[in-house]
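Lettering follows sequence order; numbering is per chain, from 1. Just so you know, these numbers use all the heavy atoms, side chains as well, and skip hydrogens, waters and symmetry mates.
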Protein chains: 2
Amino acid sequence: MTNVDLQKINAVEPEARAGDARAEAFQGVRVARRNELAEDYVELIAELIHNQGEARPVDIATKMGVTAPTVAKTLGRLARDGLITRAKYRSVFLTEEGRALAKECRHRHEIVLRFLIRLGLDPETAEHDAEGIEHHVSERTLALFAAFANRS
Amino acid sequence: MTNVDLQKINAVEPEARAGDARAEAFQGVRVARRNELAEDYVELIAELIHNQGEARPVDIATKMGVTAPTVAKTLGRLARDGLITRAKYRSVFLTEEGRALAKECRHRHEIVLRFLIRLGLDPETAEHDAEGIEHHVSERTLALFAAFANRS
DNA sequence: GCCAAAAGTTAGACAAGGCTAACAATCTGC
DNA sequence: GCAGATTGTTAGCCTTGTCTAACTTTTGGC
């Protein structure tokens with residue numbers, strides 16, 4: 001379900017040249033990297049809408065730690081990819097697809113975060129590391145993380 | 001020690017605008033992303049030298065799953081950044097700094113991999129996920145991973 | 001020792017994701 | 001209801017990381 005979404009978003013990765021497992025792993029990582037930014041934006045937009053009632057570019061810029069023009073350009077790509085809608089000089093909305101992606105990201109983020117804290121990490125470092133790790137965790141690993149976080 | 005290396009390699013990230021913790025986290029992730037490719041290359045080069053006696057661009061290309069010109073350009077950047085040396089039409093060598101980085105990366109990779117396997121993941125998925133995760137694990141988290149992997 | 005194949009390089013294109021500078025629209029306080 | 005502050009956009013530049021096409025160098029088989 002969610003993987004379908006991700007694949008739709010991605011431009012196709014030129015198929016692995018050889019049957020080299022390593023090469024495929026790296027290509028997988030490259031694909032993941034292409035989506036990281038979109039995922040971060042969509043997740044943040046959902047959060048802003050939830051907390052503030054709307055997602056304004058200026059707040060996105062502040063939270064992401066980038067400049068306003070960078071946000072504008074990135075939002076253009078997100079709109080092109082069907083994840084958001086927006087009108088000039090107005091705030092941003094998620095499409096159905098964007099909402100689905102945001103939900104999935106939030107879910108993954110939650111699990112990774114709880115897992116790290118359960119492992120004994122302080123909440124601040126956990127938040128920081130979760131931000132980086134969450135995009136590189138397979139379904140299988142996520143399930144193990146969840147099990148660990150929830151064990152009695 | 002190793003962090004110093006990483007910082008030397010990086011162009012400076014424009015310092016965090018506000019004192020926003022989230023923004024800093026994202027900026028940290030961006031910095032990490034900038035180094036991922038260099039780390040992957042250096043790690044692979046070290047491995048090739050160890051296993052094959054030398055690191056040839058054609059093998060790097062195969063293992064990384066990219067084309068030869070891509071490798072050439074990337075090696076140019078690595079040389080510029082003082083991680084490797086090379087002569088035209090010859091194979092690649094690591095500098096002292098490159099070797100240090102490779103060693104650190106290998107160490108981190110090992111720990112993440114052993115951790116994931118210990119958690120119950122099959123070795124193949126573990127290898128795949130470790131490739132993505134290893135670049136986003138703080139010292140503190142790495143220590144917890146190591147402890148978990150080594151517990152009796 | 002030559003010549004074809006393999007390996008390496010160079011040139012040039014393109015998209016993403018950053019930035020600054022300059023301009024346009026909206027909002028707000030009086 | 002207008003002026004100044006805030007917010008948003010556009011234009012243009014840069015680097016990274018990918019590609020293909022075309023060329024050069026090295027290597028290896030006979």
Side-chain angles (χ1 to χ4, degrees), chain A residues 9-18 23 26-41 44-45 48 52 54-81 83-84 86-93 135, chain B residues 9-18 23 26-41 44-45 48 52 54-81 83-84 86-93 135:
Chain A
I9 293 160
N10 288 327
V12 277
E13 176 79 1
E15 64 242 68
R17 274 151 199 73
F26 279 125
Q27 289 182 337
V29 173
R30 278 202 297 280
V31 170
R33 290 211 262 261
R34 266 215 296 274
N35 287 111
E36 285 183 44
L37 199 70
E39 293 181 5
D40 288 339
Y41 268 75
L44 175 57
I45 289 165
L48 285 170
Q52 255 96 79
E54 63 174 348
R56 295 153 71 223
V58 67
D59 294 325
I60 298 173
T62 303
K63 293 279 186 189
M64 292 291 302
V66 297
T67 59
T70 297
V71 170
K73 205 182 271 190
T74 305
L75 291 180
R77 283 189 285 264
L78 296 183
R80 180 202 60 192
D81 295 342
L83 293 169
I84 64 167
R86 61 191 186 136
K88 259 193 163 188
Y89 295 100
R90 287 276 102 87
S91 64
V92 178
F93 301 92
H135 305 286
Chain B
I9 293 162
N10 288 328
V12 278
E13 176 80 359
E15 66 243 64
R17 271 150 201 77
F26 280 125
Q27 289 182 337
V29 173
R30 277 201 300 278
V31 170
R33 290 209 264 258
R34 266 215 298 271
N35 287 316
E36 285 183 44
L37 199 69
E39 293 181 5
D40 287 341
Y41 268 75
L44 174 57
I45 289 165
L48 286 170
Q52 256 97 80
E54 65 174 347
R56 296 152 70 222
V58 66
D59 294 325
I60 299 173
T62 303
K63 293 278 186 188
M64 292 292 303
V66 298
T67 61
T70 297
V71 170
K73 206 181 270 193
T74 306
L75 291 179
R77 282 190 284 264
L78 296 182
R80 180 201 61 193
D81 295 344
L83 294 170
I84 65 168
R86 61 193 186 133
K88 257 193 163 190
Y89 297 102
R90 285 277 101 87
S91 65
V92 178
F93 301 92
H135 306 285

- Message: Let's go through R56(B) and L48(B) carefully: what are the C-alpha distance in whole Å and the side-chain angles of both, what is the deciding distance for side chain to side chain contact (heavy atoms under 4.5 Å, CB included) to 0.1 Å, and is it a yes or a no?
- Response: CA-CA 8 Å; R56(B) 296 152 70 222; L48(B) 286 170; over 6 Å; no
- Task: Test R77(A) against K73(A) for side chain to side chain contact (heavy atoms under 4.5 Å, CB included), laying out the working first.
- Result: CA-CA 7 Å; R77(A) 283 189 285 264; K73(A) 205 182 271 190; 4.0 Å; yes
- Query: Could you walk me through whether V66(B) and R30(A) pass the side chain to side chain contact (heavy atoms under 4.5 Å, CB included) check?
  - Reply: CA-CA 11 Å; V66(B) 298; R30(A) 278 202 297 280; 3.6 Å; yes
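Across all strands shown, R80(B) has heavy atoms under 4.0 Å from sugar-phosphate atoms exclusively, and none from any base.
Checking dG17(C), dA7(C), dA21(D) against every side-chain atom of L37(A), the shortest atom distance belongs to dG17(C). Distances from the side chain of Y89(A) to the nucleotides dT18(D), dT27(D), dG8(D) place dG8(D) closest. For K88(B), whose side chain is taken as the heavy atoms from C-beta onward, the closest listed nucleotide among dT7(D), dA21(C), dT10(C) is dT10(C). Closest to the A72(A) side chain, of the nucleotides dT18(D), dT9(D), dT9(C), is dT9(D). Set against dT18(D), dT20(D), dT20(C), the side chain of T67(B) has dT20(D) as its closest nucleotide. Of the candidate nucleotides dT9(D), dC19(C), dT26(C), dT26(C) has the atom lying nearest to any side-chain atom of R90(A).
Between V71(A) and the choices T67(A), T74(A), L75(A), the side chain to side chain contact (heavy atoms under 4.5 Å, CB included) rule is met once, by L75(A).
Between R33(A) atom CZ and dT18(D) atom P there is a gap of 7 Å when expressed in whole angstrom units. The distance between atom CD1 of I60(A) and atom C1' of dT6(D), rounded to the nearest whole Å, is 16 Å. When rounded to the nearest whole Å, the span between CE of M64(A) and C1' of dG18(C) equals 12 Å. What separates CG of L75(A) from C1' of dG18(C) is a distance of 14 Å, to the nearest Å. The separation between I84(A) atom CD1 and dG8(D) atom P is 13 Å, rounded to whole Å. Between the P atom of dA6(C) and the CD atom of E54(B) lies a distance of 17 Å, rounded to the nearest Å. Regarding E36(B), its CD atom lies at a distance of 17 Å from the C1' atom of dT15(D), rounded to whole Å. Atom CG of D40(B) is separated from atom P of dT16(D) by 16 Å (rounded to the nearest Å).
Neither OP1 nor OP2 of dT16(D) sits under 4.0 Å from any side-chain N or O of R30(A). Regarding contacts with the backbone of dG17(D), every side-chain N or O of T70(B) stays at 4.0 angstrom or more from both OP1 and OP2.
Side-chain atoms of Q27(B) come within 3.5 Å of backbone N or O of G65(A) as a donor-acceptor pair.
Of the two residues near DNA chain D, R56(A) and R77(B), the one whose nearest nucleotide lies more 5' is R56(A). Of the two residues contacting DNA chain D, namely D59(A) and K73(B), the nearest-nucleotide position lying further toward the 5' end is that of D59(A).
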